[in-house]
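Start at 1 and go down the list; that is how both ligands and their atoms are numbered. What you see is a predicted model, and the numbers here were worked out from it, not measured in a lab. For the numbers below, each heavy atom of this structure counts, side chains included, while hydrogens, waters and symmetry mates do not.
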Amino acid sequence: MSQIAQHLNIVMDRITKVVRNSNRSPNEVTLLAVSKTKPLEAIMEAYQFGQRRFGESYAQEAAAKIDSLSQMPGFDDIEWHFIGPLQSNKSRLVAERFDWVQSVDRSKLIERLQQQRPAAMAPLNVCLQVNVSGEASKSGVQAEEIFALARQVADCDRLVLRGIMAIPEHTSDEVRLADQMARMQQLFTRLQADYASVDTLSMGMTEDLELAIAHGSTMVRIGTAIFGARDYA
Ligand SMILES: *Cc1c(COP(=O)(O)O)cnc(C)c1O
C-alpha cells in the first residue's frame with residue numbers, strides 16, 4: 001500500500017473513532033483531502049485509494065491541476081473544493097472549474113461567481129467563511145454578517161448555499177478552541193433553520209479534527225495527515 005493510502009487509512013480511523021464516541025453516524029462526516037502545493041501524482045494516488053473529494057487553495061495552481069486531470073481518462077468524478085482566499089480577479093478560474101467554494105466572504109465575490117458560473121454546469125456549492133477567532137490575519141466575516149450574505153447566495157440561481165467554513169485559532173488552549181467551535185455549531189444550526197439547502201459545517205484540520213467532529217463538523221479538511229508536510233503555506 002502506498003504511503004498516501006496508509007495515511008488515508010489512519011485519518012479515516014481517526015474519523016470513525018471520534019464519530020462513534022460522539023454518537024454520530026459515519027456518513028455524517030465527509031473527508032476532504034487538501035492537496036494544495038502537492039503534485040498531481042499525490043492526487044492520483046489518493047484517487048486510486050478511493051478518495052474523490054479534494055481541496056485546493058491557490059486558484060492558478062488548482063486550475064492547472066484540474067485541467068491536467070480532466071485530460072486524462074479515469075478522473076472525471078473528482079469533486080473539487082476551493083478553500084483558499086479568493087481574489088476577485090481569480091474568481092472566473094474557480095467559477096468555471098470547481099464544484100464547491102468554501103471561502104466566500106463578500107458580496108462582490110458572490111455577484112461575480114453568480115455571473116461567471118457557466119449555465120451548462122451544475123450550480124456552484126457555496127460555504128461562507130466565518131472568522132470565528134477574530135484574528136486579523138484570518139479571512140472570513142464576523143458571525144453576524146453571515147445572514148445577509150446567506151440571503152444573497154440563496155437568491156442566486158447559479159449558486160447553492162451549503163453552509164459555513166472556519167479555520168479556528170491555531171492554539172493548544174483546548175477551551176478556547178472548543179469555544180470557537182461551539183460558536184460555529186450554533187451559527188450552523190441557526191442557518192439550517194432558515195435554509196433547507198444548508199447541510200455543511202466545514203471545520204477541522206489535521207490537528208483538531210477530533211474536536212471539530214465532536215462539535216458537529218460535517219466536513220473535515222485534511223492536508224498534512226494525508227500528504228505530509230508542505231514546503232510552503
Ligand atoms: C491547508 C488548509 C487545510 C489543511 O490543513 P492541514 O493542517 O494540513 O490538515 C484545511 N483548510 C484550509 C482552509 C487550508 O488552507
Side-chain angles (χ1 to χ4, degrees), residues 3-15 17-18 29-39 42-43 45-46 49 51-63 65-66 79-87 90-91 93-94 98-106 109 124-141 146 162-172 174 177 180-181 184 187-188 200-233:
Q3 192 164 59
I4 287 174
Q6 288 175 32
H7 287 170
L8 272 167
N9 261 338
I10 293 169
V11 168
M12 289 188 286
D13 284 348
R14 281 174 66 183
I15 294 172
K17 198 168 161 199
V18 60
V29 181
T30 298
L31 171 59
L32 184 69
V34 177
S35 48
K36 66 183 181 202
T37 84
K38 298 295 175 183
I43 296 173
E45 250 183 75
F49 193 64
Q51 181 64 31
R52 291 293 179 272
R53 295 180 175 92
F54 292 89
E56 291 279 340
S57 296
Y58 307 101
Q60 270 152 326
E61 176 201 326
K65 287 177 180 172
I66 294 172
E79 188 178 280
W80 293 103
H81 293 237
F82 191 81
I83 61 174
L86 184 51
Q87 292 170 350
K90 305 273 172 61
S91 62
L93 288 175
V94 171
F98 279 79
D99 302 291
W100 287 64
V101 187
Q102 299 197 11
S103 45
V104 172
D105 61 356
R106 60 197 188 277
L109 183 58
L124 183 61
N125 296 292
V126 168
C127 288
L128 300 168
Q129 184 172 353
V130 183
N131 183 353
V132 71
S133 66
E135 293 164 280
S137 63
K138 290 271 169 74
S139 319
V141 296
I146 281 294
R162 297 299 294 269
I164 49 177
M165 182 270 264
I167 308 172
E169 204 170 334
H170 185 73
T171 171
S172 54
E174 278 228 354
L177 192 55
Q180 293 175 15
M181 290 181 171
M184 284 297 290
L187 199 55
F188 177 56
T200 303
L201 174 54
S202 175
M203 182 166 82
M205 306 177 18
T206 291
E207 305 253 300
D208 59 11
L209 79 85
E210 281 83 3
L211 202 60
I213 292 172
H215 287 86
S217 170
T218 69
M219 189 179 293
V220 291
R221 310 177 308 267
I222 310 298
T224 308
I226 297 171
F227 298 112
R230 290 175 295 274
D231 297 335
Y232 61 100

Is there a donor in the side chain of E135 and an acceptor in the side chain of S137, or the other way round, less than 3.5 Å apart?
no

Kindly give the heavy-atom pair with the smallest separation between H81 and E79, and that separation in Å.
NE2-OE2, 2.8 Å

Could you name the option among Q102, K36, E56 that has the heavy atom nearest to atom 2 (C) of ligand 1?
K36

Test item: V141 and Q129 side chains (from C-beta on) under 4.5 Å apart, heavy atoms
no

Are more than 12 heavy atoms from other residues, nucleotides or ligands located less than 6.0 Å from atom CD of Q6?
yes

Which ligand 1 atoms, with their elements, are less than 4.0 angstrom from a heavy-atom of I222?
9 (O)

Salt bridge check, E61 against K36: does any charged N sit closer than 4.0 Å to a carboxylate O?
no

Hey, are Q180 and S133 close enough side-chain-wise for a donor-acceptor pair under 3.5 Å?
no

Judged on heavy-atom distance to atom 7 (O) of ligand 1, which of D208, T206, V34 sits nearest?
T206

I need the atoms of ligand 1 closer than 4.0 Å to a non-hydrogen atom of T224, numbered in the order shown.
6 (P), 7 (O), 8 (O), 9 (O)

A student checking ligand 1 against S57 at a 4.0 Å heavy-atom cut-off should list atoms 15 (O)

Interfacing atoms of ligand 1 (cut-off 4.0 Å, heavy-atom, G223)
4 (C), 6 (P), 8 (O), 9 (O)

I'd like to know whether S202 forms a side chain to side chain donor-acceptor pair (under 3.5 Å) with R221, so could you lay out the CA-CA distance, the side-chain angles of the two residues, the decisive distance to 0.1 Å, and finally the verdict.
CA-CA 7 Å; S202 175; R221 310 177 308 267; 3.0 Å; yes

Give the atoms of ligand 1, by number and element, whose distance to some non-hydrogen atom of I83 is under 4.0 Å.
11 (N), 12 (C), 13 (C), 14 (C)

Indicate yes or no: does an N/O atom of I167 lie under 3.5 Å from an N/O atom of ligand 1?
no

Atom indices of ligand 1, in the order listed, that fall short of 4.0 Å to a heavy atom of R221:
4 (C), 9 (O), 10 (C), 11 (N), 12 (C), 13 (C)

Examine the proximity of ligand 1 to R230 and report which part, side chain or backbone, both or neither, has a heavy atom under 4.0 Å away.
side chain

